[in-house]
> 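The structure's right below; bear with me while I get my questions together.
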Amino acid sequence: MSTDQDLVTDGLLTHPYAVYDRLRDTAPVHRVTGPDGSPAWLVTRYDDVREALANPLLSLDKRHALPGGYKGFALPPALDANLLNMDPPDHTRIRRLVGRAFTTRRVEQLRAPIRRTADHLLDALGAHGGTDLIAAYAAPLPITVICDLLGVPDGHRRDFRAWTDVLVAPDPARPQAAKEAVVAMLGFFTQLIADKRKEPADDLLSDLIAVRDESGSTGNDRAGSDRAGSDRLSEDELMSLAFLILFAGYENTVQLIGTAVLALLQHPDQLAALRADPTRLPAAVEEFVRYDGPALLAIRRFPLEDVTISDVTVPAGETVLLSLAAANRDPRRFPDADRFDLGRDATGHLALGHGIHYCLGAPLARLETEIALAALLERLPDLKLDGDPGDLRWRPSLRARGLLALPVTY
């Protein structure tokens with residue numbers, strides 16, 4: 001075990017992979033200062049991270065956390081009763097309810113609508129010019145897809161993107177901004193669910209409301225008060241589930257598309273190979289997400305009892321941070337791991353998790369990234385980075401890695 005390290009001042013925000021290389025080689029488990037200044041344990045090697053992701057003794061439920069530890073987002077109960085804070089059996093029950101909407105087969109039915117959205121966004125760019133590819137393409141594509149899936153009206157989509165940005169990368173100069181965003185989102189989802197109850201539509205949120213209302217009352221009971229059945233949702237769980245699907249379904253895919261495009265532009269040989277054979281795109285997505293995925297850390301966990309990770313004993317209730325990014329660059333699992341190689345067998349990466357908490361939206365994220373890149377390769381054959389890569393600005397967040405902007409010419 002190393003001495004305490006401050007993840008922010010040690011450079012993780014600016015040079016995450018160099019920091020993780022150092023931490024992984026120094027010791028597999030580190031006592032660190034977490035994102036909010038509280039103590040945590042950081043796990044960095046592939047085998048340890050993979051085993052910990054599936055360890056039932058590492059709970060996602062914040063009720064098992066010791067006072068003063070890192071717990072993640074501070075959300076009201078109406079948004080906090082989601083899969084990222086749950087263990088079985090509640091996790092199993094809710095995942096079963098929503099999992100049917102995210103099977104590979106169901107998601108594949110979205111291929112044509114996603115491609116139409118991608119083409120529409122590229123049409124708006126014109127045949128040549130310059131743009132910020134995040135603002136013009138990587139962000140509006142997934143927000144359109146997930147909002148269409150849930151049934152969110154067009155007029156609210158820009159607001160949700162702004163709220164999400166505030167939560168993922170809080171501005172120290174605006175300490176109240178995150179709280180204001182949470183209040184705004186709570187009001188938004190409360191009204192949206194009320195509207196869907198009055199006028200159901202052919203969308204996922206209407207389906208979830210139907211499951212909720214057919215199983216019990218329609219509003220006043222809160223989380224945990226009606227969990228007796230195997231196919232039931234409390235009101236807080238309904239709202240929290242809508243929040244999680246919209247938040248995670250948008251945020252992670254934006255960042256993945258952005259970093260994937262950047263990786264290709266910085267590796268012309270790989271870009272040329274992909275242009276020559278676009279059928280390699282589905283496999284290429286696995287290397288994109290391994291090489292520079294959107295999640296640096298998995299959701300924090302809390303040991304139900306003292307656990308040993310790589311010969312280090314972590315006391316019950318303390319915070320454990322599992323570094324997906326460090327694991328995916330571990331040369332013990334992926335030879336020459338810092339090299340971007342679309343010919344690599346990247347299966348087994350942990351960017352989307354492992355075990356019962358494996359990313360529910362993984363099939364959708366893969367499909368959106370594949371289609372977004374396929375459309376770019378077809379429509380913008382002369383795509384180039386505009387400016388020095390060293391001038392690119394990254395989101396100042398330990399939660400999600402992503403570009404603030406990606407200036408390109410085409």
Side-chain angles (χ1 to χ4, degrees), residues 7 12-17 19-20 35 44 49 53 72-73 82-84 102 107 114 132-135 137-146 160-161 163-170 243-266 281 284-300 321-329 334 337-338 340 346 349-354 357-373 376 392-406:
L7 296 185
L12 193 58
L13 287 177
T14 52
H15 300 93
Y17 294 108
V19 174
Y20 280 136
T44 54
V49 171
L53 285 169
F73 288 140
N82 62 62
L83 291 169
L84 302 186
F102 290 97
V107 167
I114 294 172
D132 169 13
L133 205 65
I134 300 297
Y137 188 66
L141 176 61
I143 195 67
T144 300
V145 171
I146 202 67
F160 192 83
R161 181 180 172 192
W163 299 331
T164 301
D165 289 344
V166 169
L167 282 183
V168 172
F243 162 73
L244 178 62
I245 292 171
L246 195 52
F247 183 92
Y250 156 68
E251 175 62 31
N252 289 334
T253 310
V254 174
Q255 311 312 336
L256 178 55
I257 293 171
T259 55
V261 173
L262 177 61
L264 288 173
L265 295 180
Q266 291 184 307
L281 261 171
V285 171
E286 304 309 312
E287 175 66 352
F288 292 133
V289 77
R290 180 208 71 85
Y291 178 74
D292 203 3
L296 292 174
L297 302 170
I299 299 300
R300 75 287 171 275
L321 300 176
L322 306 175
S323 175
L324 306 177
N328 286 334
R329 293 286 190 100
F334 298 103
D338 288 328
F340 176 62
H349 67 73
L350 302 176
L352 300 169
H354 173 65
H357 297 290
Y358 184 79
C359 177
L360 184 67
L364 182 57
R366 285 185 168 103
L367 183 64
E368 287 184 77
T369 305
E370 175 193 335
I371 293 173
L373 294 173
L376 279 176
L392 291 171
R393 295 180 300 125
W394 293 84
R395 170 169 281 172
S397 173
L398 294 173
R399 297 186 179 108
R401 175 168 167 80
L403 291 160
L404 290 173
L406 182 57

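All values below come from the heavy atoms of this structure, side chains included, with hydrogens, waters and symmetry mates left out. None of these values were measured; they are calculated from a predicted model.
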> How close do F102 and I245 get, counting heavy atoms only, and between which atoms?
CZ-CG2, 3.9 Å

> How about H349 and E287: do any of their side-chain heavy atoms sit closer than 4.5 Å?
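Not in contact.
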
> Quick check with a 6.0 Å cut-off and a 45 degree axis cone: is R329 positioned over the face of Y20's six-membered ring?
no

> Could you tell me if the side chain of Y17 sits less than 4.5 Å from the side chain of R401, heavy atoms only?
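When only atoms from C-beta onward are counted, Y17 and R401 do touch, with a gap below 4.5 Å.
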
> With rounding to the nearest 0.5 angstrom, report the CD to CG distance, Q266 to L392.
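That separation rounds to 7.0 Å.
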
> Output the distance between atom CG (L376) and atom CG (L133), rounded to the nearest 0.5 Å.
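Answer rounded to 0.5 Å: 5.5 Å.
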
> Does any part of the side chain of T44, heavy atoms only, come nearer than 4.5 Å to the side chain of V49, both counted from C-beta?
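No, their side chains stay 4.5 Å or more apart.
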
> Measuring from atom OH of Y358 to atom CG of L350, what distance do you get when rounded to the nearest 0.5 angstrom?
10.0 Å

> Closest heavy-atom contact between E370 and L281?
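That would be O-CD1, 3.8 Å.
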
> If you compare all heavy atoms of P363 against all heavy atoms of L360, which two are closest, and at what distance to 0.1 Å?
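Taking every non-hydrogen atom into account, CD-O, 3.7 Å.
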
> Going by heavy atoms in the side chains, are I146 and L364 under 4.5 Å from each other?
yes

> For Y137 and A372, indicate whether the former's side chain and the latter's backbone hold a donor-acceptor pair under 3.5 Å.
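Indeed, once roles are kept as given, a pair shorter than 3.5 Å links the two residues.
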
> Can you tell me how the ring of F340 sits relative to the ring of Y291, calling it parallel under 30°, perpendicular over 60° and tilted otherwise?
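Tilted, since the angle between the ring planes falls between 30° and 60°.
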
> Identify the two heavy atoms, one from G258 and one from I134, that lie closest to each other, and give their separation to 0.1 Å.
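Closest heavy-atom pair between G258 and I134: CA-CD1, 3.8 Å.
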
> Hey, does L404 have a side-chain heavy atom less than 4.5 Å from the side chain of W394?
no

> Compare all side-chain heavy atoms of H357 with those of I299 and state whether any distance is below 4.5 angstrom.
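No, their side chains stay 4.5 Å or more apart.
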
> Let me confirm one number: the CD1-CD distance from I371 to E368, rounded to the nearest 0.5 Å.
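One gets 8.0 Å once the value is rounded to the nearest 0.5 Å.
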
> Measure across L321 and R300 and return the closest heavy-atom pair with its distance rounded to 0.1 Å.
CD2-CB, 3.8 Å

> Could you state the interatomic distance from CZ (F288) to OG1 (T259), rounded to the nearest 0.5 Å?
9.0 Å

> For the pair T253 (side chain) and P142 (backbone), establish whether a donor and an acceptor sit closer than 3.5 Å, ignoring hydrogens and angles.
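Here the side-chain-to-backbone pair does not exist.
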
> State, to 0.1 Å, how close A139 and Y250 come at their nearest heavy-atom pair, and which atoms those are.
O-CE1, 3.7 Å

> Can you check whether V289 reaches P294 side chain to side chain, under 4.5 Å on heavy atoms?
yes

> Any side-chain heavy-atom pair from L53 and L324 closer than 4.5 angstrom?
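Yes, at least one pair of side-chain atoms sits under 4.5 Å.
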
> Find the distance between CG (L403) and CZ (R393) and round it off to the nearest 0.5 Å.
10.0 Å

